[in-house]
K.L.:
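Following this message is one structure expressed as structure tokens.
Residue numbers start at 1 and run along the sequence shown. Quick caveat: nothing in here was measured; it's all calculated off a predicted structure.
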Amino acid sequence: MRVVDLIAGTGLLVGVAIMAFLVIPAENSDGIWHGLSPYFYPSVMLTGIAVSSAGLVVQAAFKKQLYEDQPNPLSWWQLGCFLLLGAIILISVLVVDWLSLWIGGPLLIAATMIYMGERRPLRIALVAFAAVAVVHVIVTYGLRIPLP
């Protein structure tokens with residue numbers, strides 16, 4: 001049994017339960033329906049995550065022979081790097097919510113590029129702002145969806 005798979009699968013199942021029973025029902029806006037309930041797509045995605053997570057937990061708990069020759073794939077350093085990247089994403093999403101996409105979007109892209117090793121400021125700025133501009137044009141004018 002690989003403990004990391006058991007913990008990850010269980011954690012994902014807990015996350016699915018929180019989303020299914022607390023977060024999605026709390027979203028009670030009466031938005032515009034286009035044939036399907038606004039809860040349909042999140043429910044489909046959560047079902048996929050739940051099935052995959054349950055499979056991971058069952059495999060980790062009952063098929064121990066699959067893990068006999070495999071080392072633990074995640075070191076504490078790698079976990080810390082993953083958590084730092086998650087913090088960068090969370091902070092950037094909060095900045096998008098508080099200020100705008102034009103500040104939070106480039107901040108997310110630039111911080112991620114720096115974290116991944118890019119050090120050329122001109123390249124970072126061009127990629128960060130160009131990516132946000134392309135997304136803004138596609139979503140605002142192509143899909144006609146307002147962005148924050």
K.L.:
Could you list all the salt bridge (charged side-chain N to carboxylate O under 4.0 Å, His left out) pairs where at least one residue sits in residues 121-142, not counting sequence neighbours?
P.N.:
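Sorted result for residues 121-142: E118-R123.
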K.L.:
How close do L46 and A20 get, heavy atom to heavy atom, and via which atoms?
P.N.:
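Here L46 and A20 meet closest at CD1-N, 3.9 Å.
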K.L.:
Closest approach of L56 and A8, non-hydrogen atoms and distance?
P.N.:
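Shortest heavy-atom separation between L56 and A8 comes out as CD2-CB, 4.4 Å.
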K.L.:
Extract all donor-acceptor atom pairs below 3.5 Å that involve side chains of residues 124-146 and protein atoms in other chains or at least two apart in sequence.
P.N.:
residue, atom, partner, partner atom, Å
H136, ND1, T140, OG1, 3.4
T140, OG1, H136, O, 2.9

K.L.:
Under a single-linkage definition using a 4.5 Å side-chain heavy-atom cutoff for Ile, Leu, Val, Met, Phe, Trp and Tyr, are L22 and M19 assigned to the same hydrophobic cluster?
P.N.:
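Yes, same cluster.
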K.L.:
Tell me, which pairs form a side-chain hydrogen bond (donor to acceptor under 3.5 Å, both in side chains) where one or both residues lie in residues 44-54, sequence neighbours left out?
P.N.:
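Every pair satisfying side-chain hydrogen bond (donor to acceptor under 3.5 Å, both in side chains) with a residue in residues 44-54: there are none.
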K.L.:
Please report the interatomic distance CG(L94) to CG(L99), rounded to the nearest 0.5 Å.
P.N.:
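L94 CG to L99 CG: 10.5 Å, rounded to 0.5 Å.
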K.L.:
What heavy-atom pair brings G105 and V96 nearest, and what distance separates the two atoms?
P.N.:
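Between these two residues, the closest heavy atoms are N-CG2, 3.7 Å.
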K.L.:
Could you state whether I103 and I91 fall into the same hydrophobic cluster, counting links through intermediate Ile, Leu, Val, Met, Phe, Trp or Tyr residues with side-chain heavy atoms under 4.5 angstrom apart?
P.N.:
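Yes.
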K.L.:
Applying side-chain contact (heavy atoms from CB on, under 4.5 Å), name anything that partners V57, two or more places apart in sequence or on another chain.
P.N.:
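So V57 forms a side-chain contact (heavy atoms from CB on, under 4.5 Å) with L6, T10, L13.
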K.L.:
Other than L85, which residues form its hydrophobic cluster under the rule that side-chain heavy atoms must be closer than 4.5 Å?
P.N.:
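Members besides L85, by chain and number: L84, I88, I89, V93, L108, Y115, M116.
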K.L.:
Under a single-linkage rule joining Ile, Leu, Val, Met, Phe, Trp and Tyr whose side-chain heavy atoms are separated by less than 4.5 Å, which residues share a cluster with V58?
P.N.:
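Members besides V58, by chain and number: F62.
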